Amino acid sequence: MGSFNVLTCEFACPRCRQSRNFDVFLYFGHKAIYYYRIGDRIEWVPRKAPQNGGRPEHGCMEGEAYFDCPLCGKDSHMLAIVE
């Protein structure tokens, strides 16, 4: 597994429907393992293309995210949206 950033947020697991705080792994932005919460500003790599960690045009993007549920033991992929 490559580098990633971590977003901690509360939602219901789509598999077991239990609500809790999850650590969601984001595979975009400056991948120096930053820890984020909803509302934080994403760190981007200066002068790089978005696929290399740079800031996308207007700072908005959709990217792959992943998490494991410690309650049911299942994993899920999701779409993370940055505005």
Side-chain angles (χ1 to χ4, degrees):
M1 180 182 284
S3 296
F4 53 85
N5 294 309
V6 180
L7 170 68
T8 301
C9 56
E10 183 176 343
F11 57 92
C13 172
R15 295 181 183 253
C16 70
R17 307 286 187 233
Q18 296 297 311
S19 185
R20 62 162 302 179
N21 274 332
F22 290 97
D23 286 336
V24 178
F25 304 109
L26 308 173
Y27 300 102
F28 55 82
H30 192 298
K31 295 182 216 160
I33 310 184
Y34 285 97
Y35 291 87
Y36 296 107
R37 293 216 170 259
I38 299 292
D40 289 349
R41 295 179 65 102
I42 299 287
E43 294 292 328
W44 305 106
V45 180
R47 297 175 297 284
K48 293 286 185 179
Q51 64 269 23
N52 296 323
R55 184 178 186 271
E57 187 174 349
H58 306 297
C60 299
M61 74 171 298
E62 296 178 353
E64 181 182 355
Y66 169 88
F67 75 97
D68 292 309
C69 179
L71 301 174
C72 68
K74 307 274 182 165
D75 61 352
S76 295
H77 290 267
M78 62 176 53
L79 184 65
I81 301 172
V82 176
E83 296 181 339

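If you're wondering where the values come from, they're calculated on a predicted model, not measured in any experiment. The figures that follow rest on heavy atoms only: side chains count, while hydrogens, waters and symmetry mates do not.
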Start with the C-alpha gap between Asp40 and Tyr34, add the side-chain angles, then the distance that decides, and say whether side chain to side chain contact (heavy atoms under 4.5 Å, CB included) holds.
CA-CA 11 Å; Asp40 289 349; Tyr34 285 97; over 6 Å; no
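Put simply, OH on Tyr66 and CG on Leu26 are 13.5 Å apart, with the number rounded to the nearest 0.5 Å. The OH atom of Tyr27 sits 10.5 Å away from the CG atom of Asn5 when rounded to the nearest 0.5 Å. The distance from atom CH2 of Trp44 to atom CG of Asn52, rounded to the nearest 0.5 Å, is 12.5 Å. With rounding to the nearest 0.5 angstrom, the CZ atom of Phe25 is 6.5 Å from the CG atom of Asp68.
The number of heavy-atom neighbours closer than 6.0 Å to CD of Gln51, taken from other residues, nucleotides and ligands shown, is above 12.
Taking every heavy atom of both residues into account, His30 and Val45 meet most closely at CD2-CG2, 3.4 Å.
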Ignoring hydrogens and angles, write down the donor-acceptor pairs under 3.5 Å from the side chains of residues 13-24, residues two or more places apart or on other chains.
| from | atom 1 | to | atom 2 | distance (Å) |
| --- | --- | --- | --- | --- |
| Arg15 | NE | Asp75 | O | 2.8 |
| Arg15 | NE | Ser76 | OG | 3.3 |
| Arg15 | NH2 | Asp75 | O | 3.0 |
| Arg17 | NH1 | Pro14 | O | 2.7 |
| Ser19 | OG | Glu10 | OE2 | 3.3 |
| Asn21 | OD1 | Glu10 | N | 3.4 |
| Asp23 | OD1 | Thr8 | OG1 | 2.7 |

Could you pull out all donor-acceptor pairs under 3.5 Å where a side-chain atom in residues 54-64 meets a protein atom, sequence neighbours excluded?
| from | atom 1 | to | atom 2 | distance (Å) |
| --- | --- | --- | --- | --- |
| Glu64 | OE2 | His77 | ND1 | 3.1 |

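With contacts defined as side-chain heavy-atom distances shorter than 4.5 Å, the pair Tyr36/Ile38 does not qualify.
Connection of Tyr35 to Phe4 is established within a shared hydrophobic cluster, with ILVMFWY side chains joined at heavy-atom distances below 4.5 Å, either directly or through further cluster members. Residues Phe11 and Val82 are members of one and the same hydrophobic cluster, defined by side-chain heavy-atom contacts under 4.5 angstrom among Ile, Leu, Val, Met, Phe, Trp and Tyr.
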